[in-house]
Asker: 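This is the structure I have questions about; it appears just below.
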There are 2 protein chains.
Amino acid sequence: MADLNNLISPFFLNDKEIRKVIELLFFSYRDFTSGPDKILEKLNFGRAHHRVIYFVGKKKNITIKELLGVLKITKQSLSRVLNQLVNERFIIVSTGIDKRTKKLSLTQKGEDLENQLSTIQIDKIKKVINKFSEENINGFKEILYDMIETDNKKIFQQIND
Amino acid sequence: MADLNNLISPFFLNDKEIRKVIELLFFSYRDFTSGPDKILEKLNFGRAHHRVIYFVGKKKNITIKELLGVLKITKQSLSRVLNQLVNERFIIVSTGIDKRTKKLSLTQKGEDLENQLSTIQIDKIKKVINKFSEENINGFKEILYDMIETDNKKIFQQIND
DNA sequence: TTATTTAGGTCAGCCATATTGACTTAATTA
DNA sequence: TAATTAAGTCAATATGGCTGACCTAAATAA
């Protein structure tokens, strides 16, 4: 049955080729995050700090709850990371109209770091993108989007208004 | 200057669009690993165990050194994970022709688990792939490959002979 | 043949990132 | 007024990494 499945599958989606996709995702994702990791290390930050900085930069005045919804971690986990970023003046907190909520924004220092980190990844993507057609790039994005679970697709849409 | 850059850049690679790619990679990769994670949890294993099982399954008789080269972790880190997998009979160790080396392989139990984990990811990719053209899929793979650093491209080639 | 290198292992301690559970405060809403 | 919500905190635990130091056995080079 599995063999039959392989026979009727076009080459580009037989199991052997699909396993390559698994590996490509693993290696490419690892290399994609390694650049920022090096910069963060000097500041004694980790990838968790990067994610917070990224999404606070993306959505100004994001609340704790919204941020937790994007990151899908517990507030206890966020707490340590966020407190460090606030204490070291990368992020500034203000109170929302609903006084229970807090709004997070990057300071200038935070924006500078965000820029430094994102530039590495943006440049990496630009370099790659220049070698491919618009069709390829759009296909790439659509495939990635398709791989996201429904709930997270909504979150992706939300942070992109 | 940045504005000019945006103006002369085609829409599909301006910074705003590229940031979406960053997010797509983040969300899709997270969802891609979440399925196996749930199964591993029941066995008190983590993603590190998955990676070991995956690459031992991929390359039968892989040595410790080769495995470390793929995973890019220290032997101390591998040690704990690998010992658990050996103790619980998912992986079997034998001595190489060079008697300093050890060769790792999956047991039947290990293969069963490997299959269970990989099937989730393979099915996920199959589902996605069926919605796209062969050109899109090949483009997707080529872009991912292009995002990998030179050294790791070599490793990718090695494990795929 | 001796010296060096290589493959692998181990002990100890440390750090980052995550978890669960219990509990608190303050503000909003029903 | 009661219930819910947003946020915070304390404590304990797990996982997955790291560095450094040190060891054994086997292969290779001088």
Side-chain angles (χ1 to χ4, degrees), chain A residues 26 29-30 33-34 36-56 59 61-88 91-105, chain B residues 26 29-30 33-34 36-56 59 61-88 91-105:
Chain A
F26 170 66
Y29 193 78
R30 193 174 61 178
T33 51
S34 66
D37 284 353
K38 282 170 204 153
I39 292 170
L40 292 157
E41 212 186 344
K42 293 175 202 157
L43 300 166
N44 284 314
F45 289 160
R47 208 171 291 170
H49 300 83
H50 187 187
R51 290 196 279 259
V52 170
I53 285 175
Y54 183 88
F55 288 111
V56 171
K59 200 164 178 66
N61 290 326
I62 193 171
T63 64
I64 304 283
K65 199 200 172 186
E66 286 168 337
L67 188 53
L68 288 173
V70 175
L71 298 175
K72 294 254 194 291
I73 54 172
T74 58
K75 60 182 170 178
Q76 295 92 324
S77 294
L78 176 59
S79 162
R80 182 187 52 88
V81 169
L82 183 56
N83 284 333
Q84 281 176 289
L85 290 168
V86 170
N87 288 337
E88 300 187 32
I91 285 179
I92 193 162
V93 186
S94 60
T95 304
I97 304 167
D98 178 339
K99 283 176 193 165
R100 290 171 306 179
T101 66
K102 287 188 175 175
K103 298 187 297 179
L104 308 172
S105 312
Chain B
F26 170 66
Y29 193 78
R30 194 174 60 179
T33 51
S34 66
D37 283 354
K38 282 169 204 155
I39 291 171
L40 292 158
E41 213 185 345
K42 293 175 203 159
L43 300 165
N44 284 314
F45 289 160
R47 208 171 291 172
H49 300 83
H50 188 188
R51 291 196 278 258
V52 170
I53 285 176
Y54 183 89
F55 287 112
V56 171
K59 201 166 176 63
N61 290 325
I62 193 171
T63 64
I64 304 282
K65 198 199 174 187
E66 286 167 337
L67 188 54
L68 288 174
V70 175
L71 297 176
K72 294 252 195 296
I73 55 172
T74 59
K75 60 180 171 179
Q76 295 93 323
S77 295
L78 176 59
S79 162
R80 183 183 53 86
V81 169
L82 183 56
N83 284 332
Q84 281 176 287
L85 290 168
V86 171
N87 288 337
E88 300 187 31
I91 285 179
I92 193 161
V93 186
S94 60
T95 305
I97 303 168
D98 179 339
K99 284 177 194 163
R100 291 172 304 178
T101 65
K102 287 188 176 174
K103 298 187 295 179
L104 308 173
S105 310

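Because only heavy atoms are used, hydrogens play no part in the values below, and waters and symmetry mates are left out as well, while side chains stay in. On a predicted model such as this, the values are computed, not experimentally measured, just so you know. Below, chains carry the letters A, B, ... as their sequence lines are ordered, and counting in each starts from 1.
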Asker: Is there side-chain contact between Leu82(B) and Leu104(B), with heavy atoms separated by less than 4.5 Å?
Answerer: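 Yes, at least one pair of side-chain atoms sits under 4.5 Å.
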
Asker: Search all heavy atoms of His50(A) against all heavy atoms of Leu40(A) and return the closest pair with its distance.
Answerer: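 Heavy atoms of His50(A) and Leu40(A) come nearest at CB-CD1, 3.6 Å.
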
Asker: 5' to 3' on DNA chain C, which nucleotides open and close the contacts with chain B (atom under 4.0 Å from a heavy atom)?
Answerer: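 Answer, 5' to 3': dT6(C) to dC11(C).
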
Asker: In this structure, are over 12 heavy atoms from other groups packed under 6.0 Å from Lys99(A) atom NZ?
Answerer: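 Count not over threshold, so no.
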
Asker: Does any part of the side chain of Lys59(A), heavy atoms only, come nearer than 4.5 Å to the side chain of Phe55(A), both counted from C-beta?
Answerer: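 The answer is no, as the side chains (C-beta and beyond) never meet within the 4.5 Å cut-off.
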
Asker: If you count heavy atoms of other groups shown closer than 6.0 angstrom to CD1 of Ile92(B), is the number above 12?
Answerer: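 No, because the 6.0 Å sphere around CD1 of Ile92(B) holds 12 heavy atoms or fewer from other groups.
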
Asker: In whole angstroms, how far is the C1' atom of dG16(D) from the CG atom of Asn44(B)?
Answerer: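 That distance rounds to 15 Å.
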
Asker: Using whole Å, what does the distance between atom P of nucleotide dA7(D) and atom CD1 of Ile62(A) come to?
Answerer: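 Answer to the nearest Å: 10 Å.
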
Asker: How many Å lie between CD1 on Ile53(B) and P on dG16(D), as a whole number?
Answerer: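 Nearest whole value for this atom pair: 12 Å.
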
Asker: For Val93(B) and Arg80(A), take the nucleotide of DNA chain C holding the closest heavy atom to each; which residue's nucleotide lies nearer the 5' end?
Answerer: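 Final value for this comparison: Val93(B).
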
Asker: Specify the separation, in whole Å, of atom CG of Leu104(A) and atom C1' of dG8(D).
Answerer: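 Spelled out: CG on Leu104(A) to C1' on dG8(D) is 13 Å.
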
Asker: So, using side-chain hydrogen bond (donor to acceptor under 3.5 Å, both in side chains) as the criterion, who are the partners of Tyr54(B) when residues are at least two apart?
Answerer: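 With neighbours one apart ignored, the set is Glu23(A).
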
Asker: Quick one: pull up CD1 in Ile64(B) and CG in Leu68(B) and give me the separation to the nearest 0.5 Å.
Answerer: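 One gets 7.0 Å once the value is rounded to the nearest 0.5 Å.
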
Asker: Starting at atom CG of Asn83(A), determine the distance to atom C1' of dC10(D), rounded to an integer number of angstrom.
Answerer: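 Rounded to whole Å, this separation is 14 Å.
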
Asker: Using a cut-off of strictly less than 4.0 Å between a heavy atom of the residue and any atom of DNA chain C, enumerate the qualifying residues of residues 68-79 of chain A by number.
Answerer: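 Lys72(A), Ile73(A), Thr74(A), Gln76(A), Ser77(A) - these, ordered by number, are the residues of the stretch whose heavy atoms sit under 4.0 Å from the strand.
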
Asker: Within the 4.5 Å heavy-atom criterion, are Val81(B) and Ile73(B) side-chain neighbours or not?
Answerer: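 When only atoms from C-beta onward are counted, Ile73(B) and Val81(B) do not touch, as no gap falls below 4.5 Å.
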
Asker: Would you indicate whether Lys65(A), at its atom NZ, is surrounded by more than 12 heavy atoms from other residues, nucleotides or ligands within a distance under 6.0 Å?
Answerer: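 Open: at most 12 neighbouring heavy atoms sit under 6.0 Å from NZ of Lys65(A).
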
Asker: Just how far, in rounded Å, is C1' of dG8(D) from CG of Leu67(A)?
Answerer: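 About 15 Å, once rounded to whole Å.
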
Asker: Not counting sequence neighbours, which residues clear side-chain hydrogen bond (donor to acceptor under 3.5 Å, both in side chains) with Arg47(B)? List them please.
Answerer: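 Residues passing side-chain hydrogen bond (donor to acceptor under 3.5 Å, both in side chains) with Arg47(B): Thr33(B), Asp37(B).
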
Asker: Please state how far atom CZ in Arg47(A) lies from atom P in dC18(D), giving the value in whole angstrom units.
Answerer: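 The answer, rounded to whole Å, is 12 Å.
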
Asker: Filter on salt bridge (charged side-chain N to carboxylate O under 4.0 Å, His left out), then keep only pairs touching residues 76-85 of chain A, sequence neighbours left out; what's left?
Answerer: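 Sorted pair list comes back empty.
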
Asker: Quick one, give me the B/S/- string for nucleotides 25-30 of chain D, reading 5' to 3', where B means a protein heavy atom under 4.0 Å from the base and S means that only happens at the primed atoms, P, OP1 or OP2.
Answerer: -BS---

Asker: Could you tell me the separation between the CG atom of Asp37(B) and the C1' atom of dT15(D), rounded to a whole number of Å?
Answerer: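 Rounded to the whole Å, the gap is 12 Å.
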
